[in-house]
Trainee: 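Before anything else, here's the structure in question.
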Amino acid sequence: MIYTVTLNPSIDFTVHVQTLRRGELNRMDQEQKYPGGKGINVSRILARIGVETTALGFVGGFTGTYLTKALTSEGVAHDFVRIDGDTRINIKLKEQSGETEINGAGPSIPPDRLQQFLQKLERLRAGDMLVLAGTIPPSLPPDLYQTLLVTYGKRGIKVVVDTSGEALAQVIRHHPFLIKPNHHELGELFNTTFTSLDETIPYGEKLLAQGIRHVIVSMADKGALLFTADGIYRSNVPRGTVVNSVGAGDSLVAGFIGHLSQHGSVPDAFRYGIATGGATAFSADLASLDTIETVYPQVQLTKL
Ligand SMILES: Nc1ncnc2c1ncn2[C@@H]1O[C@H](COP(=O)(O)OP(=O)(O)OP(=O)(O)O)[C@@H](O)[C@H]1O
Ligand SMILES: O=P(O)(O)OC[C@@]1(O)O[C@H](CO)[C@@H](O)[C@@H]1O
């Protein structure tokens with residue numbers, strides 16, 4: 001079973017306008033609401049590709065009810081802790097000129113609800129996977145991912161961490177199964193900036209040398225690199241019309257771990273992950289299985 005954790009889920013409210021006129025009344029050309037948050041996106045993709053998953057975390061209020069109903073209707077299993085505050089609404093503004101995101105802060109999580117959540121994690125068994133994805137809200141301990149990684153790593157659970165900043169810096173020395181920084185997040189980790197994937201190679205190698213099993217560095221339409229025990233792989237970028245890049249990184253993670261859990265080949269799982277990330281970029285919502293399978297044959301890897 002692949003358990004995903006989303007500490008601060010959202011409803012992603014996608015709003016389309018030709019060009020935003022600031023200070024004026026704007027009317028939406030289209031609008032959509034999707035269950036959001038990084039771990040939830042991973043679970044939604046896993047369910048679509050037929051991998052057993054349960055989404056964990058905290059939900060509350062009318063938005064939390066909407067979120068859980070939407071997941072249930074898609075066949076995504078979940079077991080959230082209910083809190084009093086409303087699950088946040090994140091605005092994804094689409095204009096002809098590009099995308100702008102405005103994410104909510106999210107409700108605060110009291111200590112007793114954190115304890116309930118930790119209790120739910122006790123069901124994990126050796127061989128399960130635990131995906132910790134997204135930012136840690138300010139009401140929770142800032143080292144929560146590190147604590148969970150250490151605790152569950154010792155019990156034979158493969159822990160994937162997809163986060164940034166201090167939370168990412170804390171986990172890299174505790175042997176996560178996978179991390180997937182984009183080039184900005186990797187740059188932040190090493191206090192530098194990257195303008196090409198090639199420049200990231202020595203840094204990906206450093207991370208692997210610290211005992212991380214798989215490191216994927218993504219750079220949107222410039223491709224991605226996988227650093228793993230048998231070498232470094234570079235992927236091309238599938239071509240298509242980009243509709244929405246929100247959740248492309250989560251889709252890459254889901255495609256990789258989902259395919260790996262079903263088929264066992266690491267390079268193939270990377271190919272599938274890239275196809276899944278691309279398929280999401282070419283779709284209004286997250287990728288469907290059909291779109292992933294259409295994109296998959298376009299993905300090629302080069303071993304460096
Ligand atoms: N414009 C694009 N064209 C094709 N594939 C894309 C595009 N944007 C993203 N992808 C696919 O999705 C993967 C992840 O994208 P990206 O590097 O933007 O991750 P991210 O920054 O973590 O994304 P996010 O935070 O929006 O989920 C890429 O490696 C690629 O496979
Ligand atoms: O505020 P966070 O937790 O950093 O990111 C949340 C979020 O932007 O990430 C997902 C895309 O990766 C969206 O579904 C969601 O709105």
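Counting begins at 1 with the first residue of the sequence. Whatever order the structure lists them in is the order used to number ligands and atoms, beginning at 1.
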Trainee: Side chains of Thr72 and His78: donor-acceptor distance under 3.5 Å anywhere?
Mentor: yes
Trainee: Under a heavy-atom criterion of less than 4.0 Å, does Arg239 contact ligand 1?
Mentor: no
Trainee: Taking only residues two or more places apart in sequence, or in another chain, which ones meet Thr14 in a side chain to side chain contact (heavy atoms under 4.5 Å, CB included)?
Mentor: His16, Gln32, Tyr34, Lys92, Lys94
Trainee: Who's closest to atom 3 (O) of ligand 2 heavy-atom-wise, of Leu7, Thr135, Ile11?
Mentor: Thr135
Trainee: Suppose we measure from atom 14 (O) of ligand 2 to each protein heavy atom; which comes out shortest, and what is that distance?
Mentor: Asp12 OD2, 2.5 Å
Trainee: Centroid separation under 6.0 Å, is that true for the rings of Phe58 and Phe80?
Mentor: no
Trainee: Under a 4.0 Å heavy-atom limit, does Ala248 contact ligand 1 with its side chain, its backbone, both, or neither?
Mentor: both
Trainee: Does an N or O anywhere in Asp250 fall below 3.5 Å from an N or O of ligand 2?
Mentor: yes
Trainee: Under a 4.0 angstrom heavy-atom cut-off, which atoms of ligand 1 come close to Gly278?
Mentor: 5 (N), 11 (C)
Trainee: Any idea which part of Met219 is under 4.0 Å from ligand 1, heavy-atom wise: side chain, backbone, both or neither?
Mentor: backbone
Trainee: Between ligand 2 and Val246, is the shortest N or O to N or O distance under 3.5 Å?
Mentor: no
Trainee: Suppose we call two aromatic rings close when their centres sit under 6.0 Å apart. Are Phe177 and His214 close by that rule?
Mentor: yes
Trainee: Counting each atom of ligand 1 from 1 as listed, which ones have a heavy atom of Asp221 under 4.0 Å away?
Mentor: 1 (N), 2 (C)
Trainee: Who passes side chain to side chain contact (heavy atoms under 4.5 Å, CB included) against Ser245, sequence neighbours left out?
Mentor: Glu99
Trainee: What part of Leu252 sits under 4.0 Å from ligand 1 if we count only heavy atoms: the side chain, the backbone, both or neither?
Mentor: side chain
